[in-house]
Amino acid sequence: MTSEFSAATRRAPASRSAKLALLLLFAGAAVAMVCTLLARLPLMKSPYQLDSVEGDMIYVSSLAEQGRLLYPNPNEIPSIFNAYGPVTDYLMSLVLRAQGIGFAGSRALVLAWTVATAALIAVYLAEYSGCLLLGITFAMAWLANLHVSSWFYLARVDLIGIGLSTAGLVLFALRPQKWYWSVPFFVAAWFTKITLIAAAIACFTYLIYQRKYRVAAYYAASGLGLGLCALWAVEHYLGGWYLFDMFMGHRNPYHLSRALHFIGSSALHAWPFVALSVIYAAVCLYTRRFSLPVVYLLACSLTAFSSTSVTADTNHLLEWITAAYLCAGAAYADFFRSSRFPSVRLLCTLIVTASLMLEAATLKFHEARMESDLQLGTECSRAYSFIRDHGNAILSDDIGAVALAGKQPLAVDIDEYRYHGLSDEVLDNLLRNRGADVIALRKTVEEIKTTRERGRGWSTEALDLIQRNYQVSATFNCADISVVYEPRRSPAPDTTH
């Protein structure tokens, strides 16, 4: 099988002006990356969860470290809903085993994985262009991307899955004769996050384009075979509710406008790179010269619409952003080697460099999307101490506080329990019998009643039961724990009838 690098790397050497333009772009990318790291790294030292999923990840990873089930029946108390595959849980469990319960090690793992992904981008583009400096430049630019940097300091699965997908893609491109080495990475990516299928689809499509039908069949069969074996093992040994958690547990409302908003936002913040990738893809399609990054970008453009869920965020666009930077790097490589239009190349380089410098200059230490920051440390410390010192059976919006206290949450992802299998009847009986020692929420019951969406989150009966059987015990200026309820000594009079 012919590698797509074979023709790309046999071009004429770049001119002096092209090399100077690349050096200018390299300097801009380096400054942007350094500024990004200086802004984000201090956030990683926070001992409290900076994102609601962080707490869920730490708790479920602690279950993996203890050898407990990761996908038990979510309709029983304690109700454990695990929205992601087991790969990251077991990786983070190794960190927890080494450092104990905490966020810092798992965040460092995600950051290291992100840097490794940037290195893979550099390797791919260096092979494609024949210029290591070009590969490093676009890898640094990707690392400095606003949306990438908004997630690489959090203990979440997204960038670990992106790293596995990118590893499979690069292995496939570098060693097409040994395509089977890429298959385990694609399967592992799917068992990290089920929406990460674009890279595998891109490689299969690329084989079909090259008319390697037999190889494509072997590739698809090996991927499906390995995936089904892994699926059987996960369902059989980890509780039996994996498929439910992955699919039936995501029954959220979907809005196309939400995905379009995220795609537009991602494109706007990296518009020079997105523009380059779109132009490159259009030229390749027009000339019928398909490259792997173009096929990958097209596949990612479909999976990007997983962000239509009301619980989705820009993390669903990370694979699309990665594909766009690979395409932009390939486009610049073709431009870099061309002896035509040197003034246009310089102008293009100046625009891209200016966008990188502007992004570096305007980057803030605390993004608006983050629900808490380091300034809330004192209040969150009080909230976490309260959870540690009060009760054992806890309902909490902040699972991180429960995990750090070494206690059992009665439900994971409690604000959306109705989508994850826990019935109103089970939870209502728990609250009616005052079975929770502590209920820690990010909003008061009164606020939840006035702001919740119909059919989502807490039922009206559950909120009434909290008001009837529990009383406010403490309040905090902490993002995920602003109010704590404890059982009343005697139930309040029932005024609902």
Exercise. Do the non-hydrogen side-chain atoms of Lys212 and Pro176 ever get within less than 4.5 Å of each other?
Worked result: no
Seminar exercise, completed: Scanning both residues in full, the closest heavy-atom pair of Leu159 with Trp151 reads CD1-C, 3.8 Å
Exercise. For residues 83-92, which residue pairs qualify under salt bridge (Lys or Arg N to Asp or Glu O under 4.0 Å), counting only residues two or more places apart or in two chains?
Worked result: none
Problem set entry | Backbone N/O of Leu43 and side chain of Ser46: donor-acceptor pair under 3.5 Å | no
For this session: Start with the C-alpha gap between Met140 and Phe138, add the side-chain angles, then the distance that decides, and say whether side-chain contact (heavy atoms from CB on, under 4.5 Å) holds.
Result: CA-CA 5 Å; Met140 291 192 300; Phe138 278 83; over 6 Å; no
For this session: Would you check if Tyr296 and Cys327 make a side-chain contact, meaning some heavy-atom pair closer than 4.5 Å?
Result: no
For this session: Kindly determine whether Glu235 and Tyr71 satisfy side-chain hydrogen bond (donor to acceptor under 3.5 Å, both in side chains), including the steps that lead there.
Result: CA-CA 8 Å; Glu235 285 283 14; Tyr71 305 97; over 6 Å; no
Exercise. Rounded to the nearest 0.5 Å, what separation is found between the CG atom of Asn82 and the CG atom of Leu238?
Worked result: 9.5 Å
Exercise. Can you list every pair that meets salt bridge (Lys or Arg N to Asp or Glu O under 4.0 Å) and has a residue in residues 158-172, with sequence neighbours left out?
Worked result: Arg156-Asp158, Asp158-Lys193
Donor-acceptor pairs under 3.5 angstrom involving side-chain atoms of residues 263-273: please list them, not counting sequence neighbours.
from, atom 1, to, atom 2, distance (Å)
Ser266, OG, Phe262, O, 2.9
His269, ND1, Ser265, O, 2.9

Exercise. Under 4.5 Å between any side-chain heavy atoms of Leu326 and Leu169, yes or no?
Worked result: yes
Exercise. Does some side-chain heavy atom of Leu24 sit less than 4.5 Å from a side-chain heavy atom of Leu350?
Worked result: yes
Problem set entry | Distance-minimising heavy-atom pair for Ala173 and Leu292 | CB-CD2, 3.9 Å
For this session: To the nearest 0.5 Å, tell me how far Leu356 CG sits from Thr137 OG1.
Result: 9.5 Å
Problem set entry | Thr166 (side chain) donor-acceptor with Gly163 (main chain) under 3.5 angstrom | no
For this session: First locate atom CE of Met44, then atom CG of Leu37, and finally report the distance between them rounded to the nearest 0.5 Å.
Result: 10.0 Å
Problem set entry | Beyond-backbone contact of Leu196 with Trp190, side-chain heavy atoms, under 4.5 angstrom | no
Problem set entry | For Thr88, all residues meeting side-chain hydrogen bond (donor to acceptor under 3.5 Å, both in side chains), sequence neighbours excluded | none
Problem set entry | Residue pair Thr349, Tyr332: steps toward the side-chain contact (heavy atoms from CB on, under 4.5 Å) verdict | CA-CA 9 Å; Thr349 302; Tyr332 193 88; 2.9 Å; yes
Exercise. With sequence neighbours excluded, what pairs up with Tyr219 under the ring-ring contact (aromatic ring centres under 6.0 Å, His included) test?
Worked result: none
For this session: Applying side-chain contact (heavy atoms from CB on, under 4.5 Å), run through Phe172 and Leu207 and close with a yes or a no.
Result: CA-CA 10 Å; Phe172 180 89; Leu207 288 171; 3.7 Å; yes
Exercise. Can you list the residues that meet the ring-ring contact (aromatic ring centres under 6.0 Å, His included) rule with Tyr180, with sequence neighbours excluded?
Worked result: none
Problem set entry | Ser222 and Tyr218, any side-chain heavy atoms less than 4.5 Å apart | no
For this session: Quick one: list whatever passes side-chain hydrogen bond (donor to acceptor under 3.5 Å, both in side chains) with Thr322, sequence neighbours left out.
Result: Trp142
Exercise. CG of Leu285 to OH of Tyr280: how many Å apart, nearest 0.5 Å?
Worked result: 10.5 Å
Exercise. Looking only at side chains, do Asp398 and Tyr384 share a donor and an acceptor under 3.5 Å apart?
Worked result: yes
For this session: Identify the heavy atoms of Ala139 and Ile121 that sit nearest to each other, and give their distance.
Result: CA-CG2, 4.2 Å
Could you go through residues 110-119 and list every donor-acceptor pair under 3.5 Å that involves a side-chain atom there, pairing it with any protein atom two or more places apart or in another chain?
from, atom 1, to, atom 2, distance (Å)
Trp113, NE1, Ile160, O, 3.1
Thr114, OG1, Val110, O, 2.8
Thr117, OG1, Trp113, O, 2.9

Exercise. Is there side-chain contact between Tyr209 and Thr205, with heavy atoms separated by less than 4.5 Å?
Worked result: no
For this session: Please list, chain by chain and in numerical order, all residues satisfying salt bridge (charged side-chain N to carboxylate O under 4.0 Å, His left out) with Glu54, sequence neighbours excluded.
Result: Arg107
For this session: Ignoring hydrogens and angles, tell me if any N or O in the side chain of Asp51 forms a donor-acceptor pair with the backbone of Val53 under 3.5 Å.
Result: yes
Seminar exercise, completed: Closest heavy-atom pair, Leu404 versus Pro47, reported as atoms and distance to 0.1 Å, is CD2-O, 3.5 Å
For this session: Walk me through it: do Arg40 and Phe152 pass the test side-chain contact (heavy atoms from CB on, under 4.5 Å)?
Result: CA-CA 8 Å; Arg40 303 301 192 196; Phe152 69 49; 3.6 Å; yes
Exercise. Do Ile58 and Phe103 come close enough that some side-chain heavy atom pair is under 4.5 Å?
Worked result: yes
For this session: Output the distance between atom OG (Ser93) and atom CG (Leu91), rounded to the nearest 0.5 Å.
Result: 7.5 Å
Seminar exercise, completed: Between Leu63 and Ile80 the two heavy atoms that sit nearest each other are CD1-CD1, 3.7 Å
Exercise. Where does the angle between the aromatic ring planes of Tyr124 and Tyr128 fall among parallel (under 30°), tilted (30 to 60°) and perpendicular (over 60°)?
Worked result: parallel
Exercise. side-chain hydrogen bond (donor to acceptor under 3.5 Å, both in side chains) with Ser306: which residues, sequence neighbours excluded?
Worked result: His316
Problem set entry | Closest non-hydrogen atom pair between Gly168 and Phe186, with its separation | C-CZ, 3.4 Å
Exercise. Taking atom CD of Gln49 and atom SG of Cys478, what is their separation to the nearest 0.5 Å?
Worked result: 8.0 Å
Seminar exercise, completed: In short, salt bridge (Lys or Arg N to Asp or Glu O under 4.0 Å) pairs touching residues 90-100 with sequence neighbours left out are Glu65-Arg97
For this session: Would you please name every residue forming a side-chain hydrogen bond (donor to acceptor under 3.5 Å, both in side chains) with Tyr242, sequence neighbours left out?
Result: none
